[in-house]
Amino acid sequence: MFGSVQRRTAATAIGLAWLVTSGAAAQQQYLLVTDAAADTVRKYSLDGDYLGDVFAAGAGGLDAPLGMAIAPDGSLLVSGDLSGQVHRYDLDTGASLDVFAEGNGLVGPAGLTFQGGNLWVSDGRTGSVFRFDATSGAFVDRFLSDMVVPEAVVFGNDTVYVGDWLVSEFRAYDLDTGTFEGQIVRGNGLERPLHAEISADGSSIMAVNFFGNTLTEHDIATGDLIRSIDLTAGGAPMSGPVDWITLADGSHIVSSTLNGSLLKYDEDWDYVGVFAQGDAIRAGAILLVPSPATGAAFLPVLALTRRRRPRNSGRDS
């Protein structure tokens, strides 16, 4: 069930509004949300109040942010689809620190997640998934290059599952060798999937569907559709969902990118109301900070936005 999902290595993790960390005072949590049209990251309280931008638009050369992750040193990593780089920022001050990862064939970085000492970066412009050292940002390898527009990257025990946005499928690869193991599901309810998670028992994969305005759950072993949740039910003004996060009370926050909103659903996925609206042009990836699962050491997030536009073209409208 969606309520039992755990974000394994690509987790923002669910949690309390206040987190007591070892040897430190309680830290108030907040949400970070990418805005691909405004080239920045927005900040919100857990009450939905807009707290400002983390950094100025385009700071450090960022163009079209899609994914976010918290690095081992506590800095914020943001992928720039059109800048072709993974940028690093001071999470407290918003200062641009440097370019954490770039080059070696990387063109349009999107999803970011950590696993096995590496930063995994999906690149929808080259059909590849790259790996960079989690600490230094040094290039490790191109893990795969046989997809069309890879997005979500999630992990099983010995397998990495990668979602392809353009062809609406999930594929399995051997985690150690990168060998293609087979297609998990194609279509069958998937309509341009973006953020994804593996169920707590590892038996199913959940994905948010940008074109379908749905959340779908599929059996990993058979590819069968277990269920589909209509995110427009109950009058919800959902338009192009990109990411979701589950809070401590079981409620869910989902980004609705085409109208720049964050919408709230209860633990049964019934629509509650608008969580935040009007401060983001294109609300995309969502990150909960600090992560309650790790105290002061933050976990990364895989959450991304797919509204790719050609280089040198105008902004999304």
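Quantities reported herein were computed from a predicted structural model and do not represent experimental measurements.
For Asp219, the side chain to side chain donor-acceptor pair (under 3.5 Å) partners are Thr222, not counting sequence neighbours. Not counting sequence neighbours, Asp133 has no partner by the salt bridge (charged side-chain N to carboxylate O under 4.0 Å, His left out) test. For Ser239, there are no side chain to side chain donor-acceptor pair (under 3.5 Å) partners at least two apart in sequence or on another chain. Listed by chain and number, the residues in a salt bridge (charged side-chain N to carboxylate O under 4.0 Å, His left out) with Asp146 are Arg171 (sequence neighbours excluded). Looking at residues two or more places apart in sequence or on another chain, you find a side-chain contact (heavy atoms from CB on, under 4.5 Å) between Ser96 and Tyr89. Taking the side-chain contact (heavy atoms from CB on, under 4.5 Å) definition, one finds that Asp47 meets it with Ser45, Asp49, sequence neighbours left out. Every residue two or more places apart in sequence or in another chain that forms a salt bridge (charged side-chain N to carboxylate O under 4.0 Å, His left out) with Asp35 is listed here: Arg42. Residues satisfying the side chain to side chain donor-acceptor pair (under 3.5 Å) criterion with Asp174, sequence neighbours excluded, are Thr177. Not a single side chain to side chain donor-acceptor pair (under 3.5 Å) links Asp279 to another residue, sequence neighbours left out. For Tyr173, the ring pair (Phe, Tyr, Trp, His ring centres under 6.0 Å) partners two or more places apart in sequence, or in a different chain, are Phe180. Arg88 meets the salt bridge (charged side-chain N to carboxylate O under 4.0 Å, His left out) test with Asp73, Asp98; sequence neighbours excluded. Evaluation of the ring pair (Phe, Tyr, Trp, His ring centres under 6.0 Å) rule for Phe143 yields Trp120 as partners, not counting sequence neighbours.
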